[in-house]
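Just the heavy atoms: all of them, side chains too, but no hydrogens, waters or symmetry mates, feed the values below.
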Amino acid sequence: MLINTFWKIVIKIIGLWLLFSCISIIPQFLSAISFINGELNIDGLLMLWLTLFGVIAIYILIIRLFLFKTDYIIEKLKLENSFNENRIDLNMKSTTVITIAIIVIGSLILIESLPNFCSRLFEYYRLKNQLTPYNETAWLIYYFIKVVIGYLLLTNSKVLTKLIIKESSENQTNG
């Protein structure tokens, strides 16, 4: 494996991790809306939404850079220059490594969110049996979506790998 390929794989793994970890930002901002001093403050709400869109734009930029512009990162950081040899002896395709990384990331997401989902679901049924309203339905839905995403990453890792490789090769040919 070439040093360049090694760095591409590492950078794409970091990009995938950022992509799947940024999912938690949106519910955090939405839950912050309810904590604006208990009243509708237009200035605070506007600042919150500007911050939300700013953070999402930065995440999109960083994820796009890490997943689809890896050559640019390698070139700007001069990552290839620190190695004496041009090759690393590994008998693995880059698609295999990316597939393994997607499976590991999906597993981490599933492992992280499944206990939270089960805990919230248990709390929901406990309060339902007591005829008490459950006020954290959004978090229950959020953890359910994370469980589904983790499961889908585990089961569809090859499809996502093909998409990443295809998009990356198209970006290399276009500039």
Heavy-atom check, side chain of D71 versus side chain of N4, under 4.5 Å: yes

Might you point out which heavy atoms bring [X] and [Y] nearest each other, and give the distance in Å?
X    : Y    : value
F66  : G15  : CB-CA, 3.5 Å
K12  : L67  : NZ-O, 2.8 Å
L140 : L121 : CD1-N, 3.5 Å

Tell me yes or no: between the side chains of T95 and T161, is some donor less than 3.5 Å from an acceptor? no

Could you list the residues that satisfy ring pair (Phe, Tyr, Trp, His ring centres under 6.0 Å) with F117, not counting sequence neighbours? F144

Sorted by chain and residue number, the ring pair (Phe, Tyr, Trp, His ring centres under 6.0 Å) partners of Y134 (sequence neighbours excluded) come out as Y124

Qualifying residues under side-chain hydrogen bond (donor to acceptor under 3.5 Å, both in side chains), relative to E167, sequence neighbours excluded: none

Looking at CD1 of I102 and CG of L16, how far apart are the two atoms once the value is rounded to the nearest 0.5 Å? 5.0 Å

Between the CG atom in L108 and the CG atom in L154, the distance rounded to the nearest 0.5 Å is 9.5 Å

Set of salt bridge (charged side-chain N to carboxylate O under 4.0 Å, His left out) partners for E75, sequence neighbours left out: none

Residues that R126 engages under salt bridge (charged side-chain N to carboxylate O under 4.0 Å, His left out), provided they are two or more places apart: E123

Could I get the full list of side chain to side chain contact (heavy atoms under 4.5 Å, CB included) partners for Y151, not counting sequence neighbours? T155

Hey, mind stepping through V104 and I13 against side chain to side chain contact (heavy atoms under 4.5 Å, CB included) and telling me if it holds? CA-CA 10 Å; V104 168; I13 289 170; over 6 Å; no

